[in-house]
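For reference, the structure is listed below as structure tokens.
The model shown is predicted, which means the values in this text are computed figures rather than measured ones. Residue numbers begin at 1 in each chain, while the letters A, B, ... track the order of the sequences.
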Amino acid sequence: MQFGTPPLSPAARRAPTFHADPAADARQLLGALLPPRPALHHAHARLAVLGLATARALPQLLAALPRLPLAASHSYPLSLFRCASCASAFASNHLLRVLPHPLPLRLFPRLPRRNPHSFTFLLASLSNHLDADPAVAVSIASRLMGAHVHALAVKAGAAGDLYVRNALIHFYGVCGDVAAMRKVFDELPLVRDVVTWNAVLAGYVRAGMVGVAREVFDGMPMRDEVSWSTVVGGYVKEGELEVALGVFKNMVVQGVKANEAAIVTALSAAAQLGLLEQGKFVHEVIKRAGVAMSMNLGAALVDMYSKCGSVAAAKEVFDAMPWRDVFAWNSMICGLATHGLGHDAVQLFEKFVSEGFCPTNITFVGVLNACSRTGLVDEGRWYFKLMAEKYGIESEMEHYGCMVDLLSRAGLVQEAIELIEGMHIPPDPVLWGTVLSACKRHGLVDLGITVGNKLIELDPAHDGYYVLLASIYAKAKKWDEVRKVRKLMSNRGTSKSAGWSLMEAHGIVHKFLVGDMDHKDSVQIYNMLCMIDRRLAEAGYVPDVSSVLHDIGDEEKVHAIKVHSERLAIAYGFIVVEAGSPIRIVKNLSVCGDCHEFSKMVTKVFGREIIVRDGSRFHHMKDGKCSCHDYW
DNA sequence: ATAGGGTTAG
């Protein structure tokens, strides 16, 4: 595997110090960028080719500035700003783009030399600024500024320039102002090229109007690979993952060379769906089309394989990457954690830190998840502290979620409650839900009743809380209360989101609902399920119906549980997945307790492997055991 | 000599 994008050398990773003399700066910067490795990053290569002829290199240097680690360079742009009065049009245009806001707008009217290019640089700067910072104040100010720049361009007679128009369309798209964007687009129908069309496409996608984007795409007089990848990205953004993959396949079939963006996006779609065959197809496209492997692609592949249940393939890709960025490390660490390989995840985190990388909030989601899933209580507490104290990362809801889970699971329910009550943001009810299920597990009846009633008040539509509370009452043999909770639940008319299970077979995705009879092979599936049930009963399996709360008899409960979507998928797996291969299932909800037992038993009795991805983790089941250690 | 569109981790 070839990876074509090496990172900066260690020398360049340290922020350079800058002098007032741009010539000296250029030499120093180029020195820092010169190759530890034969291949250089694109921008750096351009710099190196231009050599040390500073006068010529300066604009390129400026162009490369935003991509370089210039933490210590606050005064540098200002010193450039002061020299701008004598800058050439060429250099000052670059200045417009690289200076931090609000310098470009202050600089623009004072520049002695401007040309139509200047407007595009200025607009690009505004768009970047707006894109990078979603704050309302920034947004309003930038929009006003953009409209002002638009007016200036009209006055200067530059508004008909193709590049200026494209930059304007992009700008209004970033603002989310599709009406203004459309107006610029419609004004001069003859001054358009593929970039114009792509900018409009992207504007609609950004505004969440993927349907309109699709109409534009279908009617475009010209398309290139960016048009395709924008549409694929649009569908992924809207959660229409199957459609996104369909468009991607169409692109490949039509012979359009898939670019990195399209592939990364398609991999993300496959990852979110959890469909390994789809993901492998995208990987094949990479290999067949000879797309150069990059850090982005590597990271996306690692993520895809982890989320599609093949942590081994993820590791293989990760290990083959000669250079990795934070994305790649985070994907791998989080992947190990969701697969229950907590020790490996923590070990990898330590390696990551020892190689000089700086963890992000996502890294800690992975690490804390790893600790919680593996029961590493002390380590979890320690990393939680480390995150804030050493790295200055503020805890987000996900971090609290991991910690509450970690503590509750270990029986430290009181500590979990203290953590929730001390939070600096309003806690998500889900955190209390974690505490509630811990109360059930650890038999804390009184606390469970308090928390359960509070939760039902907070979120009356969530049926899981009623189920938990009722089972806590049941555990305490308070049958009157159990009945009351049931009644409350049916009166409130809680809506449980419908559970489904997906199964892939030879490129076709099969979706099952509870008691589903719609599948074309339904008869065979139910026959298979009967056979499995018989064999499991012989092996001593007894259904546990405690998770069924409907007011029905036990016999009916057993029946209800027997046709859970997951079991239908397993039965179908017996029919279509060749022996020796694991049966892979993707679920939207958590596995119910009895299905979990049932599935484990299947792996033991029939000697098959089952891999289930539920809402938040993987269950690797083999020989009657599960990687989650029966806690989820 | 300069310019414009698309990109992923919880």
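Taking atom CZ of residue A:Arg373 and atom P of nucleotide B:dG10, one finds them 12 Å apart after rounding to whole Å. Straight-line distance from the CD1 atom of A:Ile263 to the P atom of B:dT8: 14 Å, rounded to whole Å. Counting to the nearest Å, the C1' atom of B:dA9 and the CZ atom of A:Phe318 are 13 Å from each other. Here the P atom of nucleotide B:dT8 and the NZ atom of A:Lys307 are 12 Å apart, to the nearest Å. In this entry the distance linking CE of A:Met220 with P of B:dG6 reads 13 Å, nearest Å. In this structure, the CE atom of A:Met295 is 13 Å from the C1' atom of B:dT7, given to the nearest Å. Between A:Asp303 atom CG and B:dA9 atom C1' there is a gap of 6 Å when expressed in whole angstrom units. Atom CD1 in A:Ile169 sits about 16 Å away from atom C1' in B:dG6, given to the nearest Å.
Side-chain contact, A:Glu225 with A:Asn259: no donor N or O sits under 3.5 Å from an acceptor N or O. A donor-acceptor contact under 3.5 angstrom links the side chains of A:Asp405 and A:Ser372, judged on distance only. Side-chain contact, A:Gln254 with A:Lys249: no donor N or O sits under 3.5 Å from an acceptor N or O.
Among the protein residues, A:Leu162 comes within range of the nucleic acid bases, having at least one heavy atom under 4.0 Å from a base atom. Within the nucleic acid shown, A:His117 comes within 4.0 Å of at least one base atom, counting heavy atoms only. Residue A:Asn296 is in base contact, counting any heavy-atom pair closer than 4.0 Å across all strands shown. Among the atoms of the strands shown, none is found under 4.0 Å from any heavy atom of A:Lys237. The residue A:Ala167 sits apart from the nucleic acid: no heavy atom pair falls under 4.0 Å. Within 4.0 Å of A:Glu225, counting heavy atoms only, lies no atom of the nucleic acid at all. Base contact: A:Ser229 has a heavy atom under 4.0 Å from a base atom.
When distances are taken from the side chain of A:Arg206 to each of B:dG4, B:dG6, B:dA9, the shortest belongs to B:dG6. Closest to the side chain of A:Ala261, out of B:dG4, B:dG10, B:dT7, is B:dT7. Distances were taken from every side-chain heavy atom of A:Tyr163 (C-beta onward) to each of B:dT8, B:dT2, B:dG4; the shortest belongs to B:dG4. Distances from the side chain of A:Glu398 to the nucleotides B:dG10, B:dT2, B:dT7 place B:dG10 closest. Considering only side-chain atoms of A:Asp161, the nucleotide from B:dA3, B:dT8, B:dG4 that sits closest is B:dA3. Distance from the side chain of A:Thr265 is smallest to B:dT7 among B:dG10, B:dT7, B:dG6. Here B:dA9 is the nucleotide among B:dA9, B:dG4, B:dT8 with the atom lying nearest to any side-chain atom of A:Thr360. Nearest nucleotide to the A:Phe327 side chain, out of B:dG4, B:dT2, B:dA9: B:dA9.
Contact between the side-chain N/O atoms of A:Ser268 and the OP1/OP2 oxygens of B:dA9 is found at a separation under 4.0 Å.
Not a single donor-acceptor pair, N or O on each side, falls under 3.5 Å between the base of B:dG6 and the side chain of A:Glu260. Counting distance only, with no hydrogens placed and no angle test, the side-chain atoms of A:Asn115 and the base atoms of B:dT2 include a donor-acceptor pair under 3.5 Å.
Side chains of A:Pro221 and A:Trp197 form a contact here, defined as non-hydrogen atoms less than 4.5 Å apart.
Of the residues listed (A:Arg182, A:Arg143, A:Lys183), the one engaging A:Asp177 in a salt bridge (Lys or Arg N to Asp or Glu O under 4.0 Å) is A:Arg143, and it is the only one.
Classification of A:Glu284 and A:Lys287 as a salt-bridged pair holds, one side-chain N sitting under 4.0 Å from a carboxylate O.
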